[in-house]
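Structure first, then comments.
Each chain gets a letter, A, B and so on, in the order the sequences are listed, and its residues count up from 1.
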2 protein chains.
Amino acid sequence: MYLNLDAIDAKILFYLQKNAKMPIKEMSEYIHLSESAIHARIRNLEERGCIKNYVAVLNKSMVNKKLTSFTGLQLRTHTQYNLITSMELISKFPEVINCYMVNGDFDFLLHVAVADMQEYHSFFSNALLKVKNIETVKTFFVLDESKADNRIDLSRRSRMRH
Amino acid sequence: MYLNLDAIDAKILFYLQKNAKMPIKEMSEYIHLSESAIHARIRNLEERGCIKNYVAVLNKSMVNKKLTSFTGLQLRTHTQYNLITSMELISKFPEVINCYMVNGDFDFLLHVAVADMQEYHSFFSNALLKVKNIETVKTFFVLDESKADNRIDLSRRSRMRH
DNA sequence: TCTGAAATCGTAATCAC
DNA sequence: GTGATTACGATTTCAGA
């Protein structure tokens with residue numbers, strides 16, 4: 001089951017998703033709650049596994065990964081063995097930053113980050129196409145990211161507003 | 001231009017992408033470099049914008065977002081105005097955790113997180129289908145995530161190995 | 001369950017070399 | 001780059017609301 005988070009927990013998680021190193025003092029001013037209460041709640045959220053971990057997010061263009069894509073893969077034969085072994089192999093490619101098994105037109109959807117088109121070509125030819133049982137590959141190059149921070153909205157906004 | 005990172009920087013970024021709160025002392029043991037040297041390098045990487053920020057990553061199933069999808073959208077008419085305004089609107093939907101403009105069969109690829117299929121249905125009907133100029137919507141539900149940590153591999157492994 | 005204060009601890013920042 | 005020192009913020013504890 002999931003945790004029942006109140007409005008204060010949601011606010012804490014909002015700030016932590018934006019800045020994991022926000023001083024508790026600062027957060028306590030935003031939320032209008034004492035530092036000790038904030039601290040206790042954060043520890044609670046960590047202990048109950050609501051917060052998975054804290055990570056550094058890199059600036060892709062500064063680490064020479066200017067080209068990203070979503071790449072859909074379809075396998076030829078769909079045995080359990082094929083799916084698992086392909087997924088394991090694909091996940092190990094250094095260019096693949098995320099690998100999802102999906103339903104629909106593709107079996108896998110990969111999030112790929114490379115330096116440039118030449119590197120993508122190399123990845124495509126030397127890695128992807130050498131995976132056994134690949135039927136089709138379809139690439140969606142990312143042209144623009146209007147939102148790409150992976151933040152989960154926990155405010156209880158109703159769908160009715162739209 | 002991008003930064004030229006040496007092997008030590010790559011290692012530091014590897015650990016920070018895994019655990020933003022790793023004590024410098026621990027990292028200094030792994031990398032075999034003094035704490036002050038590590039510290040100086042981290043500050044440098046931060047100041048040069050290589051590290052964008054530090055964030056908390058939530059456990060989706062613990063915050064009642066058990067169902068995720070990638071949803072491809074195609075617009076009917078492709079004026080600059082349509083693209084921009086649609087993107088801005090779509091990015092504001094609380095269910096959309098990432099929104100990418102892409103080439104290929106779709107104009108936008110959305111990363112969506114909701115509680116369950118009922119909530120997805122509501123999002124689909126009450127939000128997505130009410131965006132002006134939507135031609136088609138194609139949903140890929142995520143069945144499994146074999147790699148979903150968004151970590152960028154900065155080790156200089158050659159494609160030739162595959 | 002919260003507040004506010006006080007003490008402790010560990011880490012990060014700074015310094016001289 | 002190293003190693004030692006200083007300063008800061010996080011963490012724990014507690015009495016009390």
Checklist entry - Could you write nucleotides 3-17 of chain C as a row of B, S and -, 5' to 3', where a protein heavy atom under 4.0 Å of any base atom gives B, of only sugar-phosphate atoms gives S, and otherwise -? => result BB------SSBB---
Next on the checklist: Going 5' to 3' along DNA chain D, between which two nucleotides do contacts with chain A fall, using a heavy-atom cut-off of 4.0 Å?
Outcome noted: D:dA10 to D:dT12
Checklist entry - Can you list every salt bridge (charged side-chain N to carboxylate O under 4.0 Å, His left out) pair that touches residues 100-111 of chain A, not counting sequence neighbours? => result A:D105-B:K138
Next on the checklist: Tell me if a side-chain donor or acceptor on B:S28 pairs with a main-chain N or O of B:L33 at a distance below 3.5 Å.
Outcome noted: yes
Checklist entry - Salt bridge or not for B:D9 and B:R41, using N-O below 4.0 Å? => result yes
Checklist outcome for this item: In short, salt bridge (charged side-chain N to carboxylate O under 4.0 Å, His left out) pairs touching residues 15-36 of chain B with sequence neighbours left out are none
Checklist entry - Who pairs with A:F108 by ring-ring contact (aromatic ring centres under 6.0 Å, His included), at least two apart in sequence or on another chain? => result none
Item to check | Whether B:N98 side chain and A:D149 backbone form a donor-acceptor pair below 3.5 Å | outcome: yes
Item to check | Where at least one partner belongs to residues 30-65 of chain A, residue pairs that pass ring-ring contact (aromatic ring centres under 6.0 Å, His included), sequence neighbours excluded | outcome: A:Y15-A:Y30
